[in-house]
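Lettering of chains follows the sequences in order, A, B, ..., and the numbering in each one begins at 1.
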2 protein chains.
Amino acid sequence: MNDRIARRMEDIKPFQVMALLARARELEAQGRSIVHMEIGEPDFITPQPIVEAGIAALRAGRIHYTPAVGLPALREAIANWYSKDAGITVPPERIIVTPGASGALLLAMAALLNPGEAVLMADPGYPCNRYFARLLEGKIIGIPVTEASAYQLSSSHIDSYWTPETRAALVASPANPTGTLLSQTSLAALIESVESRMGTLIVDEIYHGLVYEGRAATALGLSEHALVINSFSKYFGMTGWRLGWLVVPKNFIGAAEKLAQNLFLAASTPAQYAALAAFKLETLKVLETRRVEFQRRRDFLLPGLRSLGFHVPVTPQGAFYIYADCSQFSADSFAFARELLEEIGVAVTPGVDFGCNASRQHLRFAYTTSMEQLQEGLKRLQAYL
Amino acid sequence: MNDRIARRMEDIKPFQVMALLARARELEAQGRSIVHMEIGEPDFITPQPIVEAGIAALRAGRIHYTPAVGLPALREAIANWYSKDAGITVPPERIIVTPGASGALLLAMAALLNPGEAVLMADPGYPCNRYFARLLEGKIIGIPVTEASAYQLSSSHIDSYWTPETRAALVASPANPTGTLLSQTSLAALIESVESRMGTLIVDEIYHGLVYEGRAATALGLSEHALVINSFSKYFGMTGWRLGWLVVPKNFIGAAEKLAQNLFLAASTPAQYAALAAFKLETLKVLETRRVEFQRRRDFLLPGLRSLGFHVPVTPQGAFYIYADCSQFSADSFAFARELLEEIGVAVTPGVDFGCNASRQHLRFAYTTSMEQLQEGLKRLQAYL
């Protein structure tokens, strides 16, 4: 009776893939070879210039709290990056450095959402988005998206699903788990649709930079009202450092700072000093090599999966995921994922981790492992299916 | 209209001291000498063995995500620490590694509190505690505490303030801003009082280790239902690394893991590897030297402030704060803090940052600066007052 748990916890689900990952580690400990295509982080380590900057910061005793919204030099470096990379001006004051994109999401939702207010988001989508809204007693409207909109929300979804209680819509481009992009035109139409209803568009841009076809437009070039989430994790290869950022409209700066002070105190100091090296030319060169390698992997894995009978109707243009319809092989992708792991040592993420829209028909393949491993994975799948 | 901010933000206050700190930096930039007694983190840098372990981890490429609840080796190291330091057994499964104690507080409140449910806490107290509860639409009952209970909640407070909507009480020992301890007897009485009402006691133990008189009892030796928050920040000198932990009752392990996955993904990987060196004998030796230095500072500053006319009725036994009644000098400690900064370059934290109970009569002095600076601060105060 003392240990009763808050009601929200009934709605907040664990990552199903963690059980599979644990089982995979168990099998590996028994000597089985496992091809890991379930892991949502780059297999590369942090580029050396960033690591060296982190080490130099530690040697220099940079271990005290930074300002809650981040090191001024880092906020400026991010602003410069927007200027160089996208040709847009973002005042550093609007950039809040956070403990990972997770921190940015919490901050965005906390500043926006009243209890009972709804956020529209695509199903399938990154699962944590839902739970941040739930944490704050908001409502989550998961909109089933299909290949027709490249698994993205469109302005017609906004038209159909917006109600007086809707406060915001959240999109991601490139998206997890589908790897699809929102074109500049689609993004502009979404912004128009959301903002004309006096709503806010939250845009998850954490896979920016990891794009293999076309270009990921940033919402910052299209709206001064959008909240934009980004991260040093994926493109910059700093997952475990836990560092991200949030760009807020001018009117939110005060709220964002109060939240950062009270919820985080500040993001990691060594990580922030390390990240100052993320925009250096030598780092960017390393990152471009890696981007090309991810593209090579996608260009190998995608046709390979398709030829085996996995249905991937929209070519993923970014991130490092392929969201594949596996209904030719199984009516229950969760059971199928477990079967693939046990039978042939191939680890993938079941669709249930991303929502409930046809999720039993889908698996997510992450190409966050070497070409050799991807080849081995395809070989095993081919032999088994 | 697009940029409307959630209602909770009206109740979430910024740290007032930040404006003073900014002004202090401004004055310093103009060449003024400032004695900093407003800063809530040790002036020492992280002990060298921890820094070296962090650097070694970075060199070894330890930058990927750890399990959401933390590195198994770190959870075991913390469990061993409880065994060695306090002679109590805490299964590593109950220890959740978090991004700072801030992460631990969020996790604890999220797992416990339904909207509308109340948490009892002492006023004055650490301000963020209130805002974590507010974030989750909980109610905060700030109980005015006085010297009579050493500024701590007592079981009679629980008797008086507990209502059917109360879910939990939160205490801190040593406390911020008062530096006072809860004796083992008082803590046991609080636990009895809270748990007999089917409530949960949350105990903030982040200043454990920084104790100069008596001994800080851990709630873990007294209850299996308490939620205990701790941190590598203060005693272990790792503030900017952002690493803490939460010990949960058995029944909360699943909820805590789900929350850690969804809200944080995991705590900082380099910080976790670094912290593995926190319990090494050579680190503990450094920490003991620092504890002695803090005690020396307290033993200098406390009588100094008292002799100037600051009223400190309860001797602070731990942390690095003195909460002083300044009503002999001013009826408005916020204005007084500003005056001290402008007139004599002494920076302190106004009471308003810690609640509304006689907060205009109090200032917090942090002895997180050198003896020389403390001497200079007292000299300036003496000359001015």
Side-chain angles (χ1 to χ4, degrees), chain A residues 1-3 5-9 12-15 18 41 45-46 51 54-55 58 61-66 99-100 102 106 110-115 127-128 131 135-137 195 198-200 225 238-242 249 251-252 255 257-259 261-271, chain B residues 1-3 5-9 12-15 18 41 45-46 51 54-55 58 61-66 99-100 102 106 110-115 127-128 131 135-137 195 198-200 225 238-242 249 251-252 255 257-259 261-271:
Chain A
M1 255 308 272
N2 295 85
D3 299 343
I5 288 168
R7 285 186 296 272
R8 66 176 64 84
M9 296 313 302
I12 296 180
K13 305 290 179 210
F15 298 169
M18 296 312 286
E41 65 176 328
I45 62 167
T46 306
V51 171
I55 290 173
L58 289 176
R62 306 276 188 217
I63 58 81
H64 288 105
Y65 296 129
T66 69
S102 302
L106 175 61
L112 274 176
L113 265 196
N114 284 309
C128 306
Y131 302 130
L135 182 80
L136 298 159
E137 304 299 329
E195 295 187 355
M198 296 300 140
T200 297
H225 301 288
M238 293 183 69
T239 42
W241 299 74
R242 311 308 300 117
N251 198 43
F252 275 86
E257 178 161 15
K258 285 195 292 182
L259 285 168
Q261 284 178 355
N262 282 291
L263 305 186
F264 312 132
L265 296 183
S268 160
T269 303
Chain B
M1 257 306 275
N2 295 85
D3 298 344
I5 289 167
R7 285 187 296 272
R8 65 175 64 85
M9 296 312 302
I12 296 180
K13 305 291 180 212
F15 298 170
M18 297 312 287
E41 66 176 328
I45 61 166
T46 306
V51 170
I55 290 173
L58 289 177
R62 306 276 187 216
I63 58 83
H64 288 105
Y65 297 129
T66 69
S102 302
L106 176 61
L112 274 177
L113 265 196
N114 284 310
C128 307
Y131 303 130
L135 182 80
L136 298 159
E137 304 300 328
E195 294 187 355
M198 296 301 138
T200 296
H225 300 289
M238 293 183 70
T239 43
W241 299 75
R242 313 306 302 116
N251 198 43
F252 275 85
E257 178 161 15
K258 285 196 291 181
L259 284 168
Q261 286 178 354
N262 282 291
L263 304 186
F264 313 131
L265 297 183
S268 160
T269 303

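Side chains of A:Arg242 and B:Tyr65 form a contact here, defined as non-hydrogen atoms less than 4.5 Å apart. Within the 4.5 Å cutoff, the side chain of B:Pro115 has heavy atoms near those of the A:Arg7 side chain. A 4.5 Å side-chain heavy-atom check between A:Thr239 and B:Leu265 finds every atom pair outside the cut-off. In this structure, the side chains of B:Leu58 and A:Leu58 come closer than 4.5 Å at one or more pairs of heavy atoms. Looking only at side-chain heavy atoms (C-beta outward), B:His64 and A:Ile45 come within less than 4.5 Å of each other. Side-chain contact check for B:Asp3 versus A:His225: some heavy-atom pair is nearer than 4.5 Å. Annotation: side chain of B:Trp241 is in contact with side chain of A:Ile63 (closest heavy-atom distance under 4.5 Å).
The part of A:Ala267 that comes within reach of chain B is its backbone (N, CA, C, O), which places non-hydrogen atoms under 4.5 angstrom from that chain. The contact between A:Leu136 and chain B is made by backbone and side chain atoms together, counting heavy-atom distances below 4.5 Å. Only the side chain of B:Leu106 comes within contact range of chain A, with at least one heavy atom under 4.5 Å from a heavy atom of that chain. Contacts of A:Glu137 with chain B are made by side-chain atoms alone, with heavy-atom separations under 4.5 Å and no backbone atom involved. The contact between A:Phe15 and chain B is made by backbone and side chain atoms together, counting heavy-atom distances below 4.5 Å. Proximity to chain A (any heavy atom under 4.5 Å) is restricted, for B:Ala266, to the backbone atoms N, CA, C and O. Using a 4.5 Å cut-off between heavy atoms, A:Pro99 makes no contact with chain B at all.
Note that OG of B:Ser102 and CD of A:Gln261 are 11.5 Å apart. Values are rounded to the nearest 0.5 Å. The line from CG of B:Leu135 to CG of A:Asn262 is 9.5 Å long, rounded to the nearest 0.5 Å.
A:Lys258 places no side-chain N or O within 3.5 Å of a backbone atom of B:Lys13 that could act as its donor or acceptor partner.
The residue among A:Val51, A:Asn114, A:Thr46 with the most heavy atom pairs within less than 4.5 Å of chain B is A:Asn114. Chosen from A:Thr66, A:Leu112, A:Leu263, the residue pairing most often with chain B at heavy-atom distances under 4.5 Å is A:Leu263.
When the shell of 6.0 Å around CZ of B:Arg8 is examined, it contains more than 12 heavy atoms from other residues, nucleotides or ligands.
What you find for B:Ala110 and A:Ala6 is that their closest heavy atoms are O-CB, 3.6 Å. Between A:Gly240 and B:Pro270, the closest heavy-atom pair is O-CD, 3.6 Å.
For B:Ile5, the side chain to side chain contact (heavy atoms under 4.5 Å, CB included) partners are A:Asn251, A:Phe252, A:Ala255, B:Met9, not counting sequence neighbours. Residues meeting the side chain to side chain donor-acceptor pair (under 3.5 Å) test with A:Glu257, sequence neighbours left out: none.
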